[in-house]
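Counting starts at 1 for both ligands and their atoms, in listed order.
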Amino acid sequence: MNTTNSKPIGIFDSGIGGLTVFAQIQKLLPLENLIYLGDTARVPYGTKSQSTIERFALEDAHFLLQHDVKLIIAACNTVSALAMPYLKSHIHVPLLGVIEPAAVKACEETSTGRIGVIGTRATVESRAYEKAFSLLSPSANIFSAACPLFVNLVEENWTDEKETYSIAEKYLRPLKDRNIDTLILGCTHYPLLETVIQKIMGDSVRLIDSACSTALALKKILAEENLTGTQSGGSPQFFVTDEPERFQSAGEKFLGKRIPKVQKAALEMEERTFP
Ligand code: DGL
């Protein structure tokens with residue numbers, strides 16, 4: 001076992017939503033040391049252009065590399081959909097996104113091959129899930145829908161209001177009409193709306209949460225790369241680019257447990273020329 005195994009795993013998201021992925025990793029891999037970065041100063045990413053998302057994602061990854069991480073998880077669907085090739089060409093540690101693990105799980109779960117995907121506008125327009133399925137299961141029928149207001153509803157903690165049901169009904173109706181049997185929650189925030197979404201879609205539709213699938217994929221990669229940690233070095237570290245106190249209180253609600261300390265991160269801005 002070399003010292004690389006004891007290095008932390010870096011997890012980043014545009015904000016608080018990646019805590020869904022963080023929580024599953026902590027549960028499945030308690031011996032790993034975790035560093036979380038939420039880019040709260042620049043959330044949301046899901047409404048931004050590809051080049052902006054790439055630039056933000058690289059700055060987030062560089063911050064984690066400064067903390068000597070052994071592997072980076074882009075816990076944000078929008079980053080995973082639009083910035084993985086760019087990130088891969090710029091960083092030297094293994095990188096894991098959330099799209100492929102969720103697509104693999106959906107292929108395992110579906111019986112009819114009719115699969116729905118919901119996500120931010122940027123994720124849906126990128127067609128990243130369709131591309132993943134074209135390799136994994138070319139015969140699958142994929143139906144996607146952007147649900148941009150879901151992120152705000154979760155941020156407001158409106159996870160069980162009547163307004164949330166009517167917005168969800170409007171977004172999800174077209175997918176329900178397609179008779180899907182599996183639905184990927186393709187955004188970090190959506191697992192928090194699971195009850196609403198399940199009620200609208202009905203019990204016959206299986207919901208796939210990318211957080212659980214990503215934690216399982218991480219476990220496999222760590223074993224393959226001989227990077228599995230063997231000893232937890234203590235509490236995870238949390239960094240945000242703005243409003244640490246707000247993240248701390250919202251994060252505690254999100255995780256259902258105390259976050260002792262959230263530090264402010266200063267990201268180094270990339271020099272990038274645009275045509
Ligand atoms: N983290 C983003 C995602 O999973 C949702 C929030 C945002 O738009 O930045 O797509």
Could you list each N/O atom of ligand 1 together with any protein N/O atom closer than 3.5 Å, one pair per line with the distance?
{"unit_1": "ligand 1", "atom_1": "1 (N)", "unit_2": "Asp13", "atom_2": "OD1", "d": "2.8"}
{"unit_1": "ligand 1", "atom_1": "1 (N)", "unit_2": "Ser14", "atom_2": "OG", "d": "3.2"}
{"unit_1": "ligand 1", "atom_1": "1 (N)", "unit_2": "Thr188", "atom_2": "OG1", "d": "2.9"}
{"unit_1": "ligand 1", "atom_1": "4 (O)", "unit_2": "Asn77", "atom_2": "N", "d": "3.0"}
{"unit_1": "ligand 1", "atom_1": "4 (O)", "unit_2": "Thr188", "atom_2": "N", "d": "3.0"}
{"unit_1": "ligand 1", "atom_1": "4 (O)", "unit_2": "Thr188", "atom_2": "OG1", "d": "3.2"}
{"unit_1": "ligand 1", "atom_1": "8 (O)", "unit_2": "Tyr45", "atom_2": "N", "d": "3.4"}
{"unit_1": "ligand 1", "atom_1": "8 (O)", "unit_2": "Gly46", "atom_2": "N", "d": "2.8"}
{"unit_1": "ligand 1", "atom_1": "9 (O)", "unit_2": "Ser14", "atom_2": "OG", "d": "2.6"}
{"unit_1": "ligand 1", "atom_1": "9 (O)", "unit_2": "Tyr45", "atom_2": "N", "d": "2.7"}
{"unit_1": "ligand 1", "atom_1": "10 (O)", "unit_2": "Thr78", "atom_2": "N", "d": "3.2"}
{"unit_1": "ligand 1", "atom_1": "10 (O)", "unit_2": "Thr78", "atom_2": "OG1", "d": "2.6"}

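A salt bridge between Glu32 and Lys70 is present, with a side-chain N of the basic residue lying under 4.0 Å from a carboxylate O of the acidic one. Using a 4.0 Å cut-off between charged side-chain N and carboxylate O, Asp68 and Lys7 make a salt bridge.
A side-chain donor-acceptor contact under 3.5 Å links Thr241 and Asp39.
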Notebook entry, point to check: How far apart are the C-alpha atoms of Phe12 and Phe63, what are their side-chain angles, what is the distance that settles it, and do they pass the ring-ring contact (aromatic ring centres under 6.0 Å, His included) test?
Noted result: CA-CA 10 Å; Phe12 76 92; Phe63 176 84; over 10 Å; no

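Ser14 meets the side-chain hydrogen bond (donor to acceptor under 3.5 Å, both in side chains) test with no other residue; sequence neighbours excluded.
Arg42 forms a cation-pi arrangement with Phe56, by the criterion of a distance under 6.0 Å to the ring centre and an angle within 45° of the ring axis.
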